[in-house]
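To find a chain, count down the sequence lines: A is the first, B the second, and so on, and within it residues start at 1.
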Protein chains: 2
Amino acid sequence: MENMGAFENICNLLRNHSYKVTPQRQTILHMFVEHVDRHLSAEEVYMLVKNENPEIGLATVYRTLDILADIGVLIKNDFGDGRTRYEFSRKDEHHHHHHLICLKCGNVSEFDDDLLESLEAVIMKRNHFKVSDHDLKFYGYCSNCDGTQ
Amino acid sequence: MENMGAFENICNLLRNHSYKVTPQRQTILHMFVEHVDRHLSAEEVYMLVKNENPEIGLATVYRTLDILADIGVLIKNDFGDGRTRYEFSRKDEHHHHHHLICLKCGNVSEFDDDLLESLEAVIMKRNHFKVSDHDLKFYGYCSNCDGTQ
DNA sequence: CTACGTGCAAATAATTTGCAGAGGA
DNA sequence: TCCTCTGCAAATTATTTGCACGTAG
């Protein structure tokens, strides 16, 4: 019921940005609402979405992901595997979260922290650089892939 | 004279890894020793290197950059502009450095800090994740591109 | 009704690879 | 000599775009 609300809110967000709410966009949106915690590539979204709507084209998926990232519904991520990955944005829940990327299985988990706010202030003064965003990734081995196992 | 030494050291490093020291690899290496502070794409390296050795092929540049990154001479970077960028590694000089990426002119500068060491310890315990490396980027506007100007 | 959206296929762009000849160790 | 390198062109991979048709508002 809470997720239903999220879905409707985003449809309105689309309309406010004068984007039309098409079946394809709805299908993709549903997908993300059901996989709030995943980091999916365009190809993966395409595969998952084809079950519900086999007619959909890959180009439409790319175009929709772009729009959803543009209006802040999705966050684009680059984990260095050569494809862009998208995650559902839950801006209200956390200030910032960083990613823990397993070098063996490729799984991505999250880590909350707002330590970097203070660093940004230091950078602004020390380097005359106006920070507007940051991106912190930790590479290593998750508990499943840990060398000690 | 100090850079000369660096060049010779790397040639030996190549030999130790049973890579041959070819003219092409030497040319590319020279390039980086002369541009220690830059973050170059394969295409850019190719262009710069063609002046000294017009015969060189782009594929060779890619292959050489891969090798040099593999033996720790170069560091691969992804600043989100769709191409991999390589910088000369000066491991001895700093523990870690992070990047400040200007969203307007695309220039990349550096920032030294080792604050994250302590964070890594927290992550290991809290998330059962064995951290082996991290990557921190700040996006914003450099002093030239600052909105206040 | 009309501008925006869609599917498809072709176009880009960065990088990789197969292969036959060249050249370091 | 011999196995690694190289240049070239063709192959791959992720993403974008042109176009004629379809449809949300």
**Student:** Give every donor-acceptor pair under 3.5 Å between a side-chain atom in residues 69-84 of chain B and any protein atom, sequence neighbours left out.
**Tutor:**
unit_1  : atom_1 : unit_2  : atom_2 : d
B/Lys76 : NZ     : B/Asp66 : OD1    : 3.4
B/Asp78 : OD1    : B/Gly80 : N      : 2.8
B/Asp81 : OD1    : B/Arg83 : N      : 3.4
B/Asp81 : OD2    : B/Arg85 : NE     : 2.9
B/Asp81 : OD2    : B/Arg85 : NH2    : 3.1

**Student:** Give me the first and last nucleotide of DNA chain C, going 5' to 3', that has any atom under 4.0 Å from a heavy atom of chain A.
**Tutor:** C/dA3 to C/dC8
**Student:** So which one's nearest nucleotide on DNA chain C is more toward 5', B/Pro23 or A/Ser18?
**Tutor:**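 Closest to the 5' end, via its nearest nucleotide, is A/Ser18.
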**Student:** Compute the centroid of each ring, for A/Phe7 and then for A/His30, and state whether the two points are separated by less than 6.0 Å.
**Tutor:**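 Yes, the ring centres sit under 6.0 Å apart.
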**Student:** Let's see if you get this right: which residues in residues 70-84 of chain B place a heavy atom under 4.0 Å from DNA chain D?
**Tutor:**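 Within residues 70-84 of chain B, no residue comes under 4.0 Å of DNA chain D.
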**Student:** Extract all donor-acceptor atom pairs below 3.5 Å that involve side chains of residues 118-127 of chain A and protein atoms in other chains or at least two apart in sequence.
**Tutor:**
unit_1   : atom_1 : unit_2   : atom_2 : d
A/Ser118 : OG     : A/Leu115 : O      : 2.8
A/Glu120 : OE2    : A/His134 : ND1    : 2.5

**Student:** What is the distance, rounded to the nearest whole Å, between atom CG of A/Leu58 and atom C1' of D/dT16?
**Tutor:** 11 Å
**Student:** For B/Tyr46 and B/Arg25, take the nucleotide of DNA chain D holding the closest heavy atom to each; which residue's nucleotide lies nearer the 5' end?
**Tutor:** B/Arg25
**Student:** Please tabulate, for the side chains in residues 47-62 of chain B, all donor-acceptor contacts under 3.5 angstrom to protein atoms that are two or more places apart in sequence or on a different chain.
**Tutor:**
unit_1  : atom_1 : unit_2  : atom_2 : d
B/Lys50 : NZ     : B/Tyr46 : OH     : 3.2
B/Asn51 : ND2    : B/Leu48 : O      : 3.4
B/Asn53 : OD1    : B/Glu55 : N      : 3.2

**Student:** With nearest nucleotides of DNA chain C determined for B/Thr22 and A/Glu55 from heavy-atom distances, which residue corresponds to the more 5′ nucleotide?
**Tutor:** A/Glu55
**Student:** Is the phosphate of D/dT23 approached by A/Gln24 (side-chain N or O, under 4.0 Å from OP1 or OP2)?
**Tutor:** no
**Student:** When the C1' atoms of the five terminal pairs at each end define the local axes, what inter-axis angle does the helix from C/dC1-D/dG25 to C/dA25-D/dT1 show, to 10 degrees?
**Tutor:**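 Result, rounded to 10 degrees: 40°.
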